Amino acid sequence: MLVQDEILNTFKSISNTIEMLSEKGMEISVSTDFNAFVLRVRECRDKQVTPMFDPAVTEIGPSNGFWIEGRNRNKEIVHLQAARFDILSNRSLADFLESLDAYYSSPEYYRQQGEFCHSPSHATRHITGKVAYQGEFWLRGGGSLGARGRGYPPLLTHLSSAIILAKWEPDFTYAMVQPRIVRTRMANQYGYTNMEPHGLVWNRPTVPEYLDEWVIWRDRGQLISQVSAS
């Protein structure tokens, strides 16, 4: 468990980060209503929510998830992201992904015809225990009303990391990112220094292109250090 100073630092970090985002023009709200999250994603991004955050096909709610919404000074949505917590008892993250248990409460019922997932990276074979996933990260573009190019990503990822630490104290925190995120060193801005290719190779017939993404991850000590550094 976190010691008293770590608890105080974590909650101070959450408060300070929300204040910094407000000063930069983004107001933050946090929710555990994933039916509302599905609607927000469809409204803002014109895409389907990743199944692991869709309550129609998986169990996600107050005990194992939250999502963050950011609005600009005109009250328009300019940011979304979500986090999920799972306990992997006697199994690896790779097994969790490849079995599709990461995405569906009943993979045999919800998986698409021909859907498969591989996770051949070394890291996912060794990540286990209490794990938290950070995903669905989106920033609105588009000129003066957008949120890109304003230095938001480090603050927004730091905020979700601090909330994850306060709520769940995971053994590992991870995300799956496109190769360009690694090439441009954006993963470092998100507070991750551990990364490997082919963390997720996922084919869904209804999606035009299969995913081949890097896994980026932190252990508990690295998460605590990052949150405390704010």
Side-chain angles (χ1 to χ4, degrees), residues 1-24 26 28-32 52-53 60-68 70 79-94 96-97 102 119 121-137 151-177 181-182 185-196 199-200 213-230:
M1 294 180 62
L2 295 175
V3 299
Q4 184 175 5
D5 286 348
E6 291 171 338
I7 294 171
L8 292 175
N9 286 339
T10 300
F11 282 97
K12 181 180 178 181
S13 180
I14 292 170
S15 177
N16 288 345
T17 306
I18 291 175
E19 183 177 349
M20 285 188 285
L21 286 164
S22 179
E23 290 172 353
K24 289 171 67 68
M26 184 182 293
I28 293 296
S29 62
V30 181
S31 175
T32 58
M52 67 196 314
F53 294 114
I60 184 73
S63 66
N64 67 336
F66 68 86
W67 57 279
I68 296 173
H79 171 64
L80 293 170
Q81 64 171 306
R84 178 186 175 108
F85 177 69
D86 292 285
I87 299 176
L88 306 184
S89 300
N90 302 316
R91 67 190 308 196
S92 67
L93 176 59
F96 189 51
L97 295 167
S119 184
S121 79
H122 177 80
T124 57
R125 301 288 168 183
H126 290 83
I127 293 173
T128 188
K130 299 187 297 182
V131 301
Y133 173 71
Q134 293 177 284
E136 298 290 340
F137 192 96
Y152 282 125
L155 289 172
L156 291 166
T157 309
H158 185 92
L159 176 61
S160 63
S161 296
I163 296 173
I164 283 170
L165 180 59
K167 286 176 66 70
W168 300 317
E169 298 183 36
D171 299 312
F172 293 95
T173 310
Y174 74 100
M176 298 293 177
V177 298
I181 300 294
V182 177
R185 299 185 182 276
M186 290 180 64
N188 300 93
Q189 294 184 37
Y190 298 157
Y192 286 90
T193 56
N194 307 312
M195 53 198 74
E196 282 187 15
L200 177 68
E213 298 188 320
W214 285 59
V215 57
I216 57 178
W217 78 96
R218 294 170 299 210
D219 62 26
R220 184 177 182 275
Q222 291 170 325
L223 176 61
I224 292 173
S225 295
Q226 185 211 353
V227 171
S228 299
S230 64

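Predicted model only: the values in this text are computed from it and were never measured.
In terms of heavy atoms, G65 sits closest to T32 at O-CG2, 3.3 Å. Shown here for A123 and V215, the closest heavy-atom pair between the two residues is CB-CG1, 4.2 Å. What you find for A102 and M52 is that their closest heavy atoms are O-CB, 3.2 Å. Residues M176 and L97 share a closest heavy-atom pair of CE-CD1, 3.7 Å. Residues A82 and E136 share a closest heavy-atom pair of N-CB, 4.2 Å.
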* Before giving the answer on side chain to side chain donor-acceptor pair (under 3.5 Å), spell out for H158 and S13 the whole-Å C-alpha distance, their side-chain angles and the decisive distance to 0.1 Å. => CA-CA 9 Å; H158 185 92; S13 180; 2.7 Å; yes

* **side-chain contact (heavy atoms from CB on, under 4.5 Å) assessment of Q226 paired with S161** => CA-CA 9 Å; Q226 185 211 353; S161 296; 3.9 Å; yes

* To do: Mind running side chain to side chain donor-acceptor pair (under 3.5 Å) on S121 and T124 for me, showing each step along the way?
  => CA-CA 6 Å; S121 79; T124 57; 3.1 Å; yes

* To do: For side-chain contact (heavy atoms from CB on, under 4.5 Å), just list the numbers for F53 and Y133, CA-CA rounded to whole Å, side-chain angles, deciding distance to a tenth of an Å, and then say yes or no.
  => CA-CA 11 Å; F53 294 114; Y133 173 71; 3.7 Å; yes

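Put simply, CZ on R91 and CD1 on I127 are 14.0 Å apart, with the number rounded to the nearest 0.5 Å. In this structure, CD1 in I68 is found 6.5 Å from CD1 in I28, a value given to the nearest 0.5 Å. Residue E19 holds its CD atom at 7.5 Å from OG of S22, rounded to the nearest 0.5 Å.
The side-chain heavy atoms of H79 and Y152, taken from C-beta on, include no pair separated by under 4.5 Å. You'll find the side chain of I14 reaches within 4.5 Å of the side chain of I163, heavy atoms only. In this structure, D219 and L223 have side chains that are not in contact, with every pair of non-hydrogen atoms separated by 4.5 Å or more. Considering only heavy atoms from C-beta on, W168 comes within 4.5 Å of F66 through its side chain. Side-chain contact between V131 and F85 is absent, with no heavy atoms from C-beta onward closer than 4.5 Å. Using a 4.5 Å heavy-atom threshold, the side chains of W67 and Q81 count as separate. Taking 4.5 Å as the limit, every side-chain heavy atom of I216 sits out of range of all side-chain heavy atoms of Y174. Side-chain contact between E213 and V177 is absent, with no heavy atoms from C-beta onward closer than 4.5 Å.
For the pair T10 (side chain) and A166 (backbone), a donor-acceptor distance under 3.5 Å is absent. Between the side chain of S160 and the main chain of T157, a donor-acceptor pair closer than 3.5 Å is present. A donor-acceptor distance shorter than 3.5 angstrom exists from the side chain of T128 to the backbone of L88, with no hydrogens or angles considered.
Salt bridge present: E169 and R220 bring a charged side-chain N and a carboxylate O closer than 4.0 Å.
Judged by the 6.0 Å and 45° rule, R218 forms no cation-pi pair with F172.
Under the salt bridge (charged side-chain N to carboxylate O under 4.0 Å, His left out) criterion, D171 pairs with no residue at all, not counting sequence neighbours.
Put simply, the residue from N194, T173, V227 that forms a side chain to side chain contact (heavy atoms under 4.5 Å, CB included) with Q222 is N194.
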